[in-house]
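Shown next, in structure tokens, is the structure this report addresses.
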Amino acid sequence: MLCMLPYSESKIFVRVVQLLKLNSKLATKWDWLEEIQKSGVHLSRSALVNHCRTDPGFMALICDTVIKVIKAQESVDETMPQLRTWFAFYMTTAIGVMETGGIKEEFIAMILPHISQGLKSSIPNYKAATYMIIAELFHKVTLKDKLLTTLLNTICKYISPRLLTEALSCMLLMFQSQNITGLSKRAFKRLCSQPALVETLVPLCNQYKSDKFILALLERLIPAAIKPTNCMTSGSDSNESDIEGGGSTELNVVLHRILSDVTLEEGQDEVVIRNILDKLMKYSGKFEREEAVKDFCNKFTVTMRMLESKYPKAVDRSMEDILENAESDKTRELMEQFMNQMVFSVQHHLVPESSASLTLSLNHRLPTVRQKATQYLLKNLEEAPDDDFVNDVLLNRLRDDDKDVVKAALESGSKIWGLVTEKDELMKVLKLLLEKVDTDSGWKDMMLPVLEVLCSCEEDKDDHQILLMLFPFFLITDLKGYEYVAFVLNSPLAKRHTLLKHVSKSVQKTLGSPIKSPKSPKSPRKKKVEYKGDDNLAENMIDSFGRGLMACTELQRDNMIIEWISADLDGRGQCFILLILDKLLSLVKTQKEKAFICLQIIHMIKKLEIKGDGEITTISKAIVTTCNQIFKEKTISFTLVLSVLNRMMAAITLPKKLKDVNYWYYHGNTNAEDQILVVLVEMFDYILDKATQALTCAESFRDLFKETVEVVFPDSDLLFRFLGLLWTKHCNTTETKLVVSLPLQARALQIGKIHLQELRADSFTETDWTTAILNLLLTTSSSNKTIREMSVQCLQIVQNKMEESAFSPVIKKVLRCLPEIVADPEFIESVMKAVFKSMDEEKEKTPKKKRQSLTQSNKEEALTMILDVISDKSTPHFIQKSLLELIKHCHSRKILTSLIPKLQQDLKALEEENKSTVLFDCCKMILERFDPEFGEVIDSDGIPVLMAALKSAVCIDDNADTIQQFTIYMITKDLYTSLKMESQKKILSTLYSLWTESENPYVPSTIRKILRHLPLDGSHVADELEQCLSVSNVGTLREAKRKKSRPSEIVKPKEDEFESLSWQRVTVILESVQEKKKLDNYHVLLPVCFNLMSRILESDDHSSGEYIKQLILALIHHVCSKVDVDQTQKLIPEQTFNMELIVQCVRSSDNPQTHHQALLVLTVAAELYPEKLLHNIMSVFTFMGDTILKQDDAYSFHIISRILETVIPALVTACGQRKRVHRTVSNKPEDVITMVIRVFVDAFPHIPNHRRLMLFTKLVSIEGDVSYLWRTLLLMTEQVVSKGPVVDNEDESSEKVSFHLKMF
């Protein structure tokens, strides 16, 4: 019941309660649940809380149970996520009790030990629940100071980084609701050891009231952070003198971050600042040298400046108070020095022109004052307090609204890159400045100063970003723009940047003279730059950049273009890049380079924000039109896009590889074919999208599309191959780089429909028709309803065009099932099943059935075409997979025969590291067709590929089965029995090999399960064992002896013989046979078993083969047990049963289990070959007397009983049947049995006392008490007389007499 309590609000709890026998008259802890038992309503939370409130013992029981549950789960998982329900129940119940009824001292006394244990626990959920209970406790009652201190120290000592937020929340609540004002030294040290203290504390302090806790923390933190590590204090009463590691850099950082991120309340700020100043003054006085004092104070410069900016009044009051109340002149001097050094730095200097401090002047309302202040700062940089101040001033002045102030900030020139620490922010500010200069005519004269700063950057990593910022200004239309370009091309940036160096050379070639740059903006005299080129400045600049890119290496060029496309530029910069790419397209030579450029052009076009109309024109006119629109109307029209797309379309040529294959698909590579396919898809998508929008230029896009189709796809078959790629994209789920949207797929079907209507039937070859039809059939499996309906409409047109063809039966069936196909994407599989269901049925062709015969012929031809496409190496794998799914319900010999070579080909591809998921699925779908119905086909053609599949350990996904495992599962009893014996033998041999050699841990267990259900033949198993025997080097006992007789040869140490692969194979074969209830031709296993046993016994280390011996003996016993006595000579001739080998096995082994197995074999052999056993009987019984009779266990006694019951009658029978014996050998059964009795009498002293009577009673009853009891007693008497007494003391003597009496 305790385990079910957390689920008290569930129906399961009610059912458990109803199983109990509850009686309210009995005083049990569960009798209060009797009402629930009767009503059947679950236990509400309020009822449980009320019971815990009225019965504190029950609440204590719940708390104790939590500890017990934790101990029970300690060995499972340290975090114990499975106990989350228990912890939540414990927490909500405890909080519920505190909320509903007043908290008494008894409750606190009961809950405190559990709170302490929860705080010390390493289980996150348990500790979190404890924090919740503590928080509620703090909220409800006021605790004593001593208890609060203990709780605070415990929380800090066992704080977990994962629950730092919860722990700090508890402490905040403690300080706000309880009478506690300080942190102990231990708690402070533990708290400061948390790396994420500040990151966690600051958000909590800003969200909740935390003034008391922050004040207590700072009271410990300030002296610990300020105290120098080498400063020795004489007093022991001060707090700071007792803290180890004071003055550390880490604590200084923590102090600064807390003071900067947490806002102190009024009154607190002055207390904290006064505390800091007092400690600074105190420890500054400990240093003798001024340099030491200065270095010490410098550590806290940043912190004090931050405090001054946040709490200026508190800082002033604190400093004044210290100066007024200073007890000595030294303290006053230290304070003044500290003020001059840390507070009154350059930002407090008076600017001569404004008679105000630099800080006030920099933020003055008059631009002239700000300008003078900026210039003053740049002249006095050496006195600047820190880099952050200069950084902030320069960035703020560059953002100024007055251009003179900005110019003053820019006067630093290239030095500004060393003064500003935030380089990224500086780049953003300069970019905004360029945009402002470009758009505001009043700021035009600021262009050169901005360019000078930008181009003077000395860090190579920023060159790319600067060039992107300058791109809009390379699209020029006047001489002023050329001046800016000339300045850039003569700057340090151009001398360093690879592309700009080539562009500069190209511009010089165009002009026929070197580029002359305008004078620096700092120079008072400026010369006008002369331009000697033609009027089309923009086109010349575009041409120069295009040729500059061609001068770079292909890798450099491609990387730059990719970075340009991904950059965030305005429309002017994007147009310039687009025009550069257009120029570059006319310069590159290879198909791969052209495809790459075309793809980047498409990406850039999609980024443009285009407005207005447009038409296709020459690129020169398009450049002029675009420049006019950008500079005058600030817009971009479709003229540029249409013109660039028209040129790009003319540059595209289909690679020969695409023309030679029927199915186009994207491989995911960077070769020309893949790049061209991506370009075509992206271009079609864009053009068709614009052509279908309500744009004034939509007609121009439609004309462009028609021209693109005519130019790129001169033949209809090429167009339909491309459309097939779009139609079947949903089948290729593994490829995500080539994106085909549903609208594009639908438009492609509509285009195909229109072209099919215009197409003549004779203009298409049979192969082209097959490709188009199969693509449309695959499209009917799309998940989109509209796509499926449009594909069927296209098939309707195909049927009308072709009339009677191989696919006519398929298409007609599809048309008849139009509603079902539109409703269900998987219905096309049922259609294919209905069409091809009778492929294996031979129908007699009569004149009456001529029409039926023609249809059947068409079906066979269509199926052949589908199978040819699947088997064709040029067909994409995803098309093969989709076609296999299309006909997965169609089964025939022809399909399996055709797909077996395909399976062999795919398996080989998988082994060659082509780990394709699609290929993997194809193999599985073909393997699923290995049905018992087609056993003949598998026998004739499929066995080699089945063996290859069994050996294929290719794994696509770690969580999925391999081809090997899947094939093993396919070998069912029905499939196995449908194959010929030779095929069965090959499969069995392969399974044994996999069991032995596979590195996959799941394969052996799977094969074991499979073999358990397969009807094995004994001859196959015997052949496998014989093969293992042939691996051994020693063939006969004579050869083994010959090897032993060569002492001169040095024998190299070798590993255990029975650990070799061949003996491991023997082991698994024997293990698999042990589990078989039914085994055909089992008797043939007996000879090979004796050969194996002989081989083991001949080995020098046969003791290590005990387990194999036991398996062999068990198999021999199993085989002999199944043979009838009447059929013994027929199935197991006497010469095949080597009785001596069994006896040798018994005598040579020290393993009791081996003894037992061997004796069991002898019991069966006694029935089958009593005469043969007679020759070895004394060896067996002598061994029993030496070993097994001395063992005191039930199994040994069972073995002895079995032997006696079987062997003694067999001995009597053998003696009666034996006719000719030696004169010295008795032929009488009495003599033989007397010898057996003597063995037991000799072993009598060693037989356990409590088993003696049972054993001899069994022996005499089997032999016959009338004939052999007196012989037994006589032999025991003889034992005493001839060999002395068999007992040593009187007690044992009395037991002996008692035994004799009981025997009588």
Side-chain angles (χ1 to χ4, degrees), residues 542-543 545-565 577-606 619 641-688 704-726 729 732 735 737-740 744 748 768 771 873-876:
I542 292 164
D543 181 77
F545 266 89
R547 297 188 182 281
L549 282 172
M550 286 300 297
C552 299
T553 65
E554 185 178 353
L555 180 61
Q556 289 176 332
R557 180 170 66 239
D558 292 350
N559 289 337
M560 279 191 283
I561 292 173
I562 292 172
E563 290 176 352
W564 294 352
I565 299 299
I577 292 175
L578 180 62
L579 290 167
I580 292 174
L581 294 176
D582 176 76
K583 179 63 181 179
L584 188 61
L585 183 62
S586 63
L587 298 175
V588 295
K589 303 298 182 182
T590 65
Q591 283 185 329
K592 182 180 178 181
E593 291 177 313
K594 287 185 177 181
F596 175 78
I597 301 301
C598 288
L599 186 59
Q600 305 311 314
I601 288 174
I602 293 292
H603 291 165
M604 182 53 73
I605 286 175
K606 288 184 176 181
I619 194 65
V641 174
L642 286 166
S643 303
V644 171
L645 285 175
N646 187 51
R647 283 166 56 87
M648 188 179 78
M649 172 265 299
I652 295 175
T653 55
L654 294 178
K656 186 176 183 301
K657 287 185 178 180
L658 286 179
K659 294 180 180 180
D660 293 342
V661 294
N662 295 322
Y663 292 90
W664 292 1
Y665 73 105
Y666 181 72
H667 298 78
N669 301 325
T670 56
N671 53 33
E673 293 78 18
D674 279 1
Q675 295 288 347
I676 286 291
L677 287 179
V678 176
V679 168
L680 291 174
V681 171
E682 297 273 1
M683 185 172 69
F684 264 61
D685 188 21
Y686 182 81
I687 295 175
L688 288 173
L704 177 62
F705 176 75
K706 292 177 183 177
E707 187 176 354
T708 301
V709 171
E710 292 174 0
V711 173
V712 179
F713 307 108
D715 299 327
S716 299
D717 59 332
L718 296 176
L719 174 62
F720 277 96
R721 291 175 194 176
F722 174 69
L723 293 177
L725 169 69
L726 302 180
K729 182 59 180 70
N732 192 4
E735 180 51 60
K737 294 182 180 179
L738 184 66
V739 180
V740 178
L744 177 59
D768 295 331
T771 304
K873 292 183 179 180
S874 64
T875 305

| message | For a quick test of reading the model, state the closest non-hydrogen atom pair linking Ile605 to Leu578 and the distance between them. | response | CG1-CD1, 3.8 Å
| query | What's the shortest heavy-atom distance between Met683 and Ile652, and which atoms? | reply | CE-CD1, 3.9 Å
| task | Answer yes or no: is there a side-chain heavy-atom contact under 4.5 Å between Ile602 and Met648? | result | yes
| Phe722 side chain reached by Leu658 side chain, heavy atoms, under 4.5 Å | no
| task | Please round to the nearest 0.5 Å and tell me the distance separating atom CE of Met604 and atom CD1 of Ile580. | result | 9.5 Å
| note | Distance col, row Lys659:NZ vs Phe713:CZ, nearest 0.5 angstrom, shows 11.0 Å
| task | Decide yes or no for Leu579 and Lys583: does some side-chain heavy atom of the first lie under 4.5 Å from some side-chain heavy atom of the second? | result | no
| query | Of the non-hydrogen atoms in Ala595 and Ala672, which two are nearest, and what is the gap between them? | reply | CB-O, 4.3 Å
| query | Taking C-beta and beyond as the side chain, do Trp564 and Asn559 meet within less than 4.5 Å on heavy atoms? | reply | no
| task | Could you check if a side-chain atom of Thr771 sits within less than 4.5 angstrom of a side-chain atom of Asp717, using non-hydrogen atoms only? | result | no
| Once you round to the nearest 0.5 Å, how far does OG of Ser586 lie from CG of Leu581? | 11.0 Å
| Is any side-chain heavy atom of Glu593 less than 4.5 Å from a side-chain heavy atom of Leu585? | no
| query | Looking at Phe705 versus Phe684, is the centre-to-centre ring distance below 6.0 Å? | reply | yes
| request: Measure the spacing between CZ of Phe720 and CG of Asn662 and express it to the nearest 0.5 Å. | output: 14.0 Å
| Close side-chain approach of Asp674 and Asn671, heavy atoms under 4.5 Å | yes
| task | Could you tell me whether the side chain of Glu682 and the main chain of Val679 form a donor-acceptor pair under 3.5 Å? | result | no
| Heavy-atom closest pair, residues Leu725 and Tyr666 | CD1-N, 4.5 Å
| Taking everything shown except Lys606 itself, do over 12 heavy atoms lie less than 6.0 Å from its NZ? | yes
| remark: Nearest heavy-atom approach of Ile676 to Thr653 is CD1-O, 4.2 Å
| query | How about Arg557 and Met550: do any of their side-chain heavy atoms sit closer than 4.5 Å? | reply | yes
| note | Heavy-atom closest pair (Tyr665 atom, Leu677 atom, distance to 0.1 Å) is O-CD1, 3.4 Å
| Does Ile542 offer a backbone N or O that forms a donor-acceptor pair with the side chain of Arg547 under 3.5 Å? | no
| Audit row: Ile597, Ile561, side chain to side chain contact (heavy atoms under 4.5 Å, CB included) steps and yes/no | CA-CA 9 Å; Ile597 301 301; Ile561 292 173; 3.7 Å; yes
